[in-house]
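Okay, structure first, notes after.
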Amino acid sequence: MWLPSPLERAYQQVREDLAADPYLAYILLLSALLSSFWVWHRLPNFATRDERWRVVDVMEVAGFVVNDEFSLEALQEGTKYWRVFGPTLYLYALVALPAIAIAVLIGDASAFGDIFGALGTDLYAHWQAIPAWLWWATVLPARLTNVAFAVGSVYLLYRIGTHVRDRATGRLAALLLSLTWAVIVLAHEAGEDVPALFCVLLVFYLAVRYVEAGSRRLFLGGSAVGGLAIAFKPTAGVTAILLGVAYLLRAGRVDDPKRALFRPELLVGGPILAVVVMYLSFPSAVVNTIPSGASGGVLSEIWDGPEVVLDRVDRVANEKTRSHGWLDRPAWWWYVRGAANGLGWPLALASVGGVAVGVATLGRRALVTLQPDTVRSVRNTKLSLETAGIVLALSVIAVMTTVFSTWAYFRTHHLLLLFPMVILLVALGLQWLDVEYEQAAHVLTVVLLVSTAIYAGVGTVGYADQPRDAAVGWLHDHGGANATVETYAGDSQEAAVPHGWTIYRPTAGTDGLLRSDWMQRVEQRCPDYIVLNYQRAMIWLAPDNHSRLSERWTYPGDAEYVRDLLAEDGPYESEQAPYPYDVAATFGREPPFLDDGEPYDRTWNVIRAGIYPRTIEYGDPQDVGVYGYAVVLERTGACES
């Protein structure tokens with residue numbers, strides 16, 4: 001009774017499902033375990049570059065408040081500083097609030113203000129400006145929030161499958177989603193993908209319920225949640241398709257279709273409500289809509305709010321139409337590779353079958369309604385919720401696939417919203433097969449579950465042994481209190497270096513020298529350790545045909561310097577070699593080109609992405625697998641003065 005009415009109904013529904021289905025609790029527990037296994041990986045570093053900025057958004061607001069005192073102007077500047085995002089600022093501000101309060105109480109609040117100056121130096125200084133405990137206290141709760149959304153998404157798919165057919169369908173769909181590698185990997189980082197997935201599935205469920213009951217409350221509730229989903233992730237605009245299709249399908253379940261289709265309070269009220277909620281979901285838009293009187297006229301200050309949302313939409317619309325430069329591939333290549341990696345080949349192939357069976361089933365049911373001898377009986381038959389579920393799922397798949405076909409590149413996380421749709425169709429297809437071919441259905445189900453579980457299990461266990469984490473652990477164990485380390489990666493997220501150490505790295509205009517010249521004078525800096533990472537070191541040794549990334553990032557002298565560091569004896573190609581450093585440890589899978597191996601061709605790259613779950617994680621060049629390869633060199637001799 002203490003919860004608001006919608007939350008109270010949801011709470012009661014969860015209790016009823018747990019009481020009615022003894023397997024549901026175990027499925028949800030499995031999802032929680034897989035999504036949270038080793039969830040502290042890389043801390044106090046980041047899983048991805050995007051994770052840094054989602055958490056830092058909150059710290060930037062705190063920084064403006066610390067520097068300028070609490071005021072409307074400070075909040076306005078803080079919320080729109082650099083890249084602006086939507087509900088993630090609300091979400092991660094809520095989970096970071098205890099850590100921010102502790103920082104204020106113990107006198108560490110100045111760190112929030114320091115990050116602005118540090119960012120002007122480089123990303124390492126930005127990372128080091130915040131104490132390690134604060135990264136732990138903000139990033140870890142944010143990741144655990146994503147775990148909660150992942151488990152919630154599994155439950156929502158269970159509810160959808162149960163509602164459109166039966167509990168067996170819901171169980172199978174929920175179990176497959178809990179084993180989906182894309183959900184597991186994205187739950188291990190702070191971002192907007194998993195919260196957006198939760199919102200889209202909630203809209204799907206409300207859409208099915210609307211088809212069933214025609215309730216204004218359900219449709220408007222779906223519109224509100226859809227607006228929130230779009231604010232999280234613009235591709236969640238597919239929620240408008242879900243509600244639009246559900247609006248049309250409702251006419252197939254009532255005696256007066258015209259009346260069901262003429263509901264202006266929904267046709268007009270739904271989109272308006274979605275837009276209002278989307279706008280309110282951008283704290284930067286809300287705060288900057290309020291005139292502060294600090295500058296400009298009232299109208300120009302009010303326009304600052306809408307401009308924030310328009311900038312976000314414009315950036316999303318433009319940035320995906322051009323490649324970032326590291327891989328130039330057609331849209332189908334990105335689509336197949338992302339789907340194969342996110343699902344694993346067994347589930348990916350089953351998904352293709354599920355979509356095909358779903359389309360065939362719809363076609364067959366449509367043909368039945370066109371038979372002259374069934375017209376009378378069809379008039380007395382309502383559109384089934386199962387059919388509605390198939391139509392809704394296929395609508396999402398069709399629309400999102402069409403959108404992706406226009407993009408120059410996309411990654412596994414962009415496809416996340418598609419995965420529960422295809423999984424629902426797979427679960428329905430296996431249930432249909434079970435009716436006529438019970439034994440075959442059981443065998444296929446077991447094979448699919450076991451193979452997907454192995455794929456997800458291998459990927460999940462890999463969190464406990466990530467190369468960059470292992471390299472940092474080794475440095476902590478062997479380095480002293482005042483140890484120094486040198487690395488060449490442009491971002492601390494890509495590097496394997498300990499937080500709090502003195503870190504040497506090339507910056508723009510370092511000593512007025514070219515990067516290669518600066519690196520070759522490493523003996524003047526004399527760090528205790530050098531860490532060579534894949535992105536900005538080992539890839540310099542790749543042949544010219546390896547990728548556009550290696551060509552783009554390799555300057556004259558880079559490859560020779562790395563070869564000199566790694567060489568056990570001469571000949572040396574640069575004047576300063578041999579260097580007083582020896583390889584002390586290596587971590588991860590060695591890139592194939594180090595043994596004169598040919599780079600993976602685009603076909604094998606796609607195939608192996610669905611065999612090895614840790615081939616790609618989030619997006620190039622932030623991947624795991626070979627991208628995590630690290631070489632630690634230890635100083636073994638005296639340096640030049």
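What you are looking at is a predicted structure, and each value in this text was computed from that prediction instead of being measured.
- Within the 3.5 Å criterion, the main-chain N or O of Asp465 finds no donor-acceptor partner in the side chain of Asp469.
- Heavy-atom minimum distance, Tyr629 versus Pro591: CD2-CD, 3.5 Å.
- A cation-pi arrangement is absent between Arg468 and Tyr627, since the terminal nitrogen or guanidinium carbon is not both under 6.0 Å from the aromatic centre and inside a 45° cone about the axis.
- Salt-bridge check for Glu189 with Arg54: failed, with every basic side-chain N at 4.0 Å or more from each acidic carboxylate O.
- Taking the six-membered ring where the residue is Trp, Trp334 and Phe410 present tilted rings, their angle falling between 30° and 60°.
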Practice problem: Determine, step by step, whether Trp332 and Tyr335 satisfy the ring pair (Phe, Tyr, Trp, His ring centres under 6.0 Å) criterion, reporting the C-alpha distance in whole Å, the side-chain angles of both residues, the deciding distance to 0.1 Å, and the verdict. | Solution: CA-CA 5 Å; Trp332 69 263; Tyr335 193 96; over 10 Å; no

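- Here Ala453 pairs with Leu179 under the side-chain contact (heavy atoms from CB on, under 4.5 Å) rule; sequence neighbours left out.
- Exactly one of Leu417, Leu243, Leu242, Leu156 qualifies for a side-chain contact (heavy atoms from CB on, under 4.5 Å) with Phe204. That residue is Leu242.
- The two atoms that bring Ala174 and Leu157 nearest to each other are N-CD2, 4.5 Å, heavy atoms only.
- With hydrogens and angles disregarded, a donor-acceptor distance shorter than 3.5 Å links the side chain of Gln128 to the backbone of Trp501.
- Put simply, the side chain of Val58 does not reach to within 4.5 Å of the side chain of Thr138, judged on heavy atoms.
- Contact between Glu192 and Thr88 at its shortest, heavy atoms only, is CB-CG2, 3.6 Å.
- For Trp135 and Trp133, the distance between ring centers is not under 6.0 angstrom.
- Ring-plane geometry between His126 and Trp53 is classed as tilted, the angle between the planes lying from 30 to 60 degrees on a 0 to 90 degree scale.
- At most 12 heavy atoms of other shown residues, nucleotides or ligands fall within 6.0 angstrom of atom OH in Tyr612.
- Under the side-chain contact (heavy atoms from CB on, under 4.5 Å) test applied with Ile230, the options Val225, Thr239, Thr235 reduce to a single match, Thr239.
- Between Phe198 and Phe149, the ring planes are perpendicular. Angles over 60° get that label, and only those under 30° would be called parallel.
- Among all heavy-atom pairs drawn from Ala496 and Arg42, the shortest one is CA-NH2, 4.4 Å.
- Closest approach of Ile115 to Val56, counting heavy atoms only: CD1-CG1, 4.3 Å.
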